[in-house]
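Heads up: the structure comes next, in structure tokens.
Ligands are counted one by one from 1 in listed order, and the atoms in each one are counted from 1 as well. As the structure is a computational prediction, the values presented were derived from the model and not from experiment.
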Amino acid sequence: MSTPVRNPSANATFDVAWVRSQFPSLQTQVNGHPAAFLDGPAGTQVPTQVIHAIQNYLLTSNANTGGAFLTSRRTEEIISHARAAMADFFHCDKDEVIFGQNMTTITFAVSRAIARELKAGDEILLTTLDHDANYSPWKALEEKGIVIRTVDIREDDCTLDLDDLKRKLNEKTRLIAVGYASNSVGTINPVAEITRLAHAAGAMIYIDAVHYAPHGLIDVQSLDCDFLVCSPYKFFGPHMGALYGKRQHLQTFRPYKVRPCSDQLPDRWESGTQIHELIAGIGAAVEYLAELGRRCDTSVKSRREALAAAYHSTVAHETSLIWRLIDGLKKIPNCRIYGLTDPQRSAERSSTLSLRIGHHHPTAIATFLGERGIFTWDGNYYALNLSERLGVESQGGMLRIGLVHYNTPDEVDRLLAALRGFGSR
Ligand SMILES: Cc1ncc(COP(=O)(O)O)c(C=O)c1O
């Protein structure tokens, strides 16, 4: 159940008004317009319970870990609770969850640790579709004689070229680093299949689930992946990163750490003081999603089931929004959409896309929209290889629209009207 069924009819129990009432920042106004946060892929807003958890931690539990006194013990309990929540989120054991500053920092740390066990001539497969945070940390290993190969995309629909991947995968491949979903064009990669291919070739897989995490239920057990990383600030939590690693890998690979830091899991991968208040917020973000799931399906029992129910509903909501958007964009003259636009292949995309309108600079469009309270993103969003491959990097990249579960059909319609207005100026 790594990729939930994208079925718009399953949306009956999704209450977007309740969802929006949980996010106080959605009330922001810009020049008299209500803000429409269509910038989810750069970071989502947070519900009240995340804000409270961070505040409560600082009010009642602020301390370092390992002390023989009340607030230190409370800190450990809060971290333990957040770790258990993330274990449900990933569907793994608690000690397989590692917290870190952000996905990029975690990935540099893991790539360096893995590199200690590699030798010159070993190969790593990367992709053109990935965010640079799942590219540069591995590409840097060329310094050690590691051979980097990069899997291409199919340009027409911005999907990964699996034939190219199969051609480049060989007995020297030690690892495939691949995104679960593209933060630029929304493509969802067949990561279960890629994991099988990697393992059949004797390689590991490192999955960047940063963009996927707000859009679909993650199940590291059913994927059988070696590592998977995400950033809670993209799924309604605070600005941090979190990693799943298979226990055997977390035990075997040697992270760079200070000597007094315990060699037990998960401590050996969390050398130094963590951002405790934000870890408290991560636990609350998962709890928020679980609460949403319990509202969507009152029969669920465990937190994991509640998370599955939440995603079942949010995916359906997001799916209806993205097709409303794509249908509208197709009617705007000179609008080119980057990403899948075939409704038959809805399950292969998330509710994120990029576009260009004629020769207009994406920053000009984003600024025009921003003045009207519509928040989008422009540029390459660090998916640099893709921007270059699509030939838009030298022209300001693209404009990205990312819809999450708190967005509404009205916001999509407002965006479409504003884009029409921009085009007809
Ligand atoms: C797909 C993807 N991967 C990785 C990252 C980097 O994440 P972080 O900001 O946590 O380092 C991002 C950030 O936008 C992203 O969208």
* Answer yes if the ring centres of His131 and Tyr381 are under 6.0 angstrom apart, and no otherwise. => no

* Asked: Which of the atoms of ligand 1 are close to Ser231, meaning less than 4.0 Å from one of its heavy atoms?
  -> 7 (O), 8 (P), 10 (O)

* Structural part of Val210 in contact with ligand 1, heavy atom criterion under 4.0 angstrom -> side chain

* Asked: What do you reckon, are the aromatic ring centroids of Phe23 and Tyr288 less than 6.0 Å apart?
  -> yes

* Asked: How are the rings of Phe227 and Phe253 set to each other: parallel, tilted or perpendicular (split at 30° and 60°)?
  -> tilted

* Asked: Polar-atom distance check: Met103 versus ligand 1, any N or O pair below 3.5 Å?
  -> yes

* Quick one: look up the protein heavy atom nearest atom 15 (C) of ligand 1 and list residue, atom name and how far away it is. => His131 CD2, 3.2 Å

* Structure fact -> If you scan protein heavy atoms around atom 1 (C) of ligand 1, the nearest is Asp208 OD2, 3.5 Å

* Asked: How close does the nearest protein non-hydrogen atom get to atom 14 (O) of ligand 1, and which residue and atom is it?
  -> Lys234 NZ, 2.6 Å

* **Short side-chain to backbone donor-acceptor contact, Asp93 and Glu96, under 3.5 Å** => no

* To do: Output the list of atoms in ligand 1 that are nearer than 4.0 Å to some heavy atom of Asn102, sorted by atom number.
  => 8 (P), 10 (O), 11 (O)

* Between Ser387 (side chain) and Gly397 (backbone), is there a donor-acceptor pair under 3.5 Å? -> no

* Quick one: look up the protein heavy atom nearest atom 11 (O) of ligand 1 and list residue, atom name and how far away it is. => Thr104 OG1, 2.5 Å

* Asked: Which residue holds the protein heavy atom closest to atom 9 (O) of ligand 1, what is that atom called, and what is the gap in Å?
  -> Tyr233 OH, 2.4 Å

* Assess whether atom CD of Glu143 is packed by more than 12 heavy atoms of other residues, nucleotides or ligands within 6.0 Å. => no

* **Test item: side-chain donor near acceptor, Trp138 and Asn134, under 3.5 Å** => yes

* Asked: atom 16 (O) of ligand 1: which protein heavy atom is closest, and how many Å away?
  -> Asn183 CB, 3.3 Å

